[in-house]
Amino acid sequence: MTIEHPGCAPQHLSSAQAQVAFARLVLERAAGTSRDHLADTVWPDGLPDTWASALRSVVSRVRAFVAAPGQAPGVTPLIAQGGRYVLRLPEDAAVDLEAAESAVGEAGEALGAGAFAVAQQLASGAIANLRGSFLPDHEGEWVNGVREHVDELRMSALETASLSASALGEEHHALRFADEAVRRAPFRESAYRCRMAALAAAGNRAEALRCYQQLRRVLVEELGIDPAPETQELYLELLRTPAPVAEAPVAVRAVDPVLMGIFEPLVTRPAPVPAPGRVGRAA
C-alpha cells in the first residue's frame with residue numbers, strides 16, 4: 001500500500017492491519033465503512049475482546065498515513081461520522097485499482113467498436129496496474145471478494161489485449177497475452193479461444209487446433225464437460241479454413257504507455273514516470 005504525493009517520496013504502509021483497513025476505506029470512501037464491517041475486515045477470524053479500542057488504534061495509524069504533507073494539525077481526511085468511517089480523498093486523487101477497472105471497461109467498448117489500437121492500449125495499461133495479487137497476506141470475506149474481482153478484471157484485460165493485438169496483426173503480443181490468460185485460468189474457455197485466435201492469426205493453424213484439443217482434454221478429464229458451442233464453432237471454422245501461405249513476419253509495434261498507472265512496456269524502452277497523486281498498491 002502506497003500513497004504518492006506530488007514532489008514527495010512515496011509513503012508505504014507497513015502495518016498489516018492498517019493495510020487492509022486502508023484498502024477498504026479507500027474503495028468504500030463514497031459511502032463510508034461501518035465500524036463493525038471494518039473490524040470484521042481487520043479480524044476476519046473473530047474479534048478480540050478489546051476490539052473497539054484496538055480498532056481505534058488501527059484507524060489512528062491509517063489517519064496518520066493519509067495526512068497530506070503540510071496539513072494543519074487536527075485536520076484529517078479520515079473522520080468518524082454516524083457510526084461510519086469516511087475517507088475524503090482529494091478530487092484529483094487516482095486509485096490504481098479504480099483506474100484499471102475503468103480502463104478495462106473502456107477497452108471492451110473499444111474492441112467492440114473495432115478500435116483495436118485503443119483497446120490494446122487501455123487493456124495493456126490495466127494489466128500493468130493489476131500486476132500482483134490483492135493483499136496476498138490477508139484473508140476474509142471482503143478481501144477474497146475484492147481479490148476475485150481483481151482477478152476477473154485482469155483476465156478480461158488480458159483477453160481484450162490479445163484479441164486486439166490479433167486484429168492488428170501483432171501476433172507476438174497476441175500470443176503473449178493469451179498464454180498469460182491460459183496460465184492464470186487453465187479452465188477458462190475464453191482464454192483458450194484467445195490463444196486459438198492468436199495462433200490462427202499468426203498462420204499456425206495446426207497449433208491452434210492442438211490448443212482446442214488440449215482444452216477439450218482438460219475439460220473432460222477435470223470437469224467432465226465438453227467445450228462450449230462457441231469454442232466448438234471456432235474449432236470447426238479453423239478446420240474449414242485453408243492453411244495460409246507463409247508471409248513475411250510483421251514488425252512488432254511497441255505499445256505506448258497510457259496515462260493510468262505505471263506500465264512496463266512489452267519491448268525494451270525507458271519506463272514512464274508515475275503520475276502524481278496516485279494511491280495504490282506497491283508492486
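No side-chain heavy atom of Glu222 sits less than 4.5 Å from a side-chain heavy atom of Arg217. Looking at heavy atoms from C-beta onward, Leu111 lies in side-chain contact with Leu163 at the 4.5 angstrom threshold. For the pair Val104 and Thr160, the minimum side-chain heavy-atom distance is 4.5 Å or more. Residues Pro77 and Leu87 form a side-chain contact, since some pair of their non-hydrogen atoms from C-beta on lies under 4.5 Å apart. Between Arg61 and Phe65 the shortest side-chain heavy-atom distance does not fall below 4.5 Å. Looking at heavy atoms from C-beta onward, Cys194 lies out of side-chain contact with Phe177 at the 4.5 angstrom threshold.
With sequence neighbours excluded, no residue forms a salt bridge (charged side-chain N to carboxylate O under 4.0 Å, His left out) with Asp36. Under the side chain to side chain donor-acceptor pair (under 3.5 Å) criterion, Gln11 pairs with His5, sequence neighbours left out. Scanning for side chain to side chain donor-acceptor pair (under 3.5 Å) contacts around Asp151 gives Arg154, with sequence neighbours left out. Here Ser60 pairs with nothing under the side-chain contact (heavy atoms from CB on, under 4.5 Å) rule; sequence neighbours left out. In this view, Arg56 satisfies the side chain to side chain donor-acceptor pair (under 3.5 Å) rule with no residue, not counting sequence neighbours. Applying the salt bridge (charged side-chain N to carboxylate O under 4.0 Å, His left out) test to Glu98 and every residue at least two apart in sequence or in another chain returns Arg29. With sequence neighbours left out, the side-chain contact (heavy atoms from CB on, under 4.5 Å) criterion links Arg88 to Ile79, Gln81, Val86. Applying the side chain to side chain donor-acceptor pair (under 3.5 Å) criterion to Gln213, with sequence neighbours excluded, gives Tyr235.
Put simply, CG on Leu27 and CD on Glu101 are 9.0 Å apart, with the number rounded to the nearest 0.5 Å. Interatomic distance, CZ of Arg63 versus CG of Leu25, reported as 10.0 Å (0.5 Å rounding). To the nearest 0.5 Å, atom CG of residue Leu13 and atom OG1 of residue Thr2 are 8.5 Å apart. Distance OG/Ser164 to CG/Leu122: 9.0 Å, rounded to 0.5 Å. Taken from CD in Gln214 to CD in Glu207, the straight-line distance is 8.5 Å, to the nearest 0.5 Å.
Its side chain within the 4.5 Å cluster rule, Leu199 clusters with Leu175 among the Ile, Leu, Val, Met, Phe, Trp and Tyr residues.
The heavy-atom pair separating Met196 from Cys211 by the smallest distance is CG-SG, 3.8 Å. Taking all atoms of both residues into account, the shortest heavy-atom contact from Ala174 to Ala165 is N-CB, 3.5 Å. In this structure, Ala198 and Ser162 approach most closely via the heavy-atom pair CB-OG, 4.4 Å. A pairwise comparison of heavy atoms in Glu4 and Pro10 identifies CG-CB, 4.0 Å as the closest pair. Contact detail for Ala157 and Ala126: the closest heavy-atom pair is CB-CB, 4.2 Å. Of all non-hydrogen atoms in Val62 and Ala21, the two that sit nearest each other are CG2-CB, 4.3 Å.
Under the 4.5 Å side-chain heavy-atom criterion for grouping Ile, Leu, Val, Met, Phe, Trp and Tyr, Trp142 is connected to Phe22 within one hydrophobic cluster. Both Met1 and Leu97 are part of a single hydrophobic cluster, where members link through side-chain heavy atoms under 4.5 Å apart. The cluster map of Ile, Leu, Val, Met, Phe, Trp and Tyr, joined by side-chain heavy atoms under 4.5 Å apart, puts Leu238 and Leu219 in different clusters. Following chains of ILVMFWY side-chain contacts shorter than 4.5 Å, one can reach Leu223 starting from Val218, so the two form part of one hydrophobic cluster. Transitive grouping of hydrophobic side chains (ILVMFWY, heavy atoms separated by less than 4.5 Å) keeps Tyr192 and Leu234 in distinct clusters.
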Donor-acceptor list for residues 42-54 side chains, cut-off 3.5 Å, not counting sequence neighbours:
{"unit_1": "Ser53", "atom_1": "OG", "unit_2": "Thr50", "atom_2": "O", "d": "3.0"}

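Screening residues 15-28 for salt bridge (charged side-chain N to carboxylate O under 4.0 Å, His left out) gives Arg24-Glu28 as the qualifying pairs, with residues at least two apart or on separate chains. A salt bridge (charged side-chain N to carboxylate O under 4.0 Å, His left out) check over residues 179-202, counting only residues at least two apart or in different chains, returns the pairs Glu152-Arg188, Glu159-Arg188, Asp179-Arg195, Glu180-Arg183, Glu180-Arg184, Arg193-Glu230.
Of the possible polar contacts, none joining the Ser133 side chain to the Pro136 backbone as a donor-acceptor pair under 3.5 Å is found. Arg147 contributes a side-chain N or O that, together with a main-chain N or O of Phe134, makes up a donor-acceptor pair within less than 3.5 Å. Formation of a donor-acceptor pair under 3.5 Å by the Thr231 side chain with backbone atoms of Pro227 is not found in this model.
The 12-atom threshold is not exceeded at CZ of Arg35, counting heavy atoms of other residues, nucleotides or ligands nearer than 6.0 Å.
Of the candidates Val143, Asn144, Val150, Val150 is the only one forming a side chain to side chain contact (heavy atoms under 4.5 Å, CB included) with Val146.
In summary, Glu233 and Arg240 engage in a salt bridge, as defined by a charged side-chain N under 4.0 Å from a carboxylate O.
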Query - Criterion side chain to side chain contact (heavy atoms under 4.5 Å, CB included) on Val220 and Asp226, from CA distance to verdict - result: CA-CA 6 Å; Val220 170; Asp226 288 323; 3.7 Å; yes
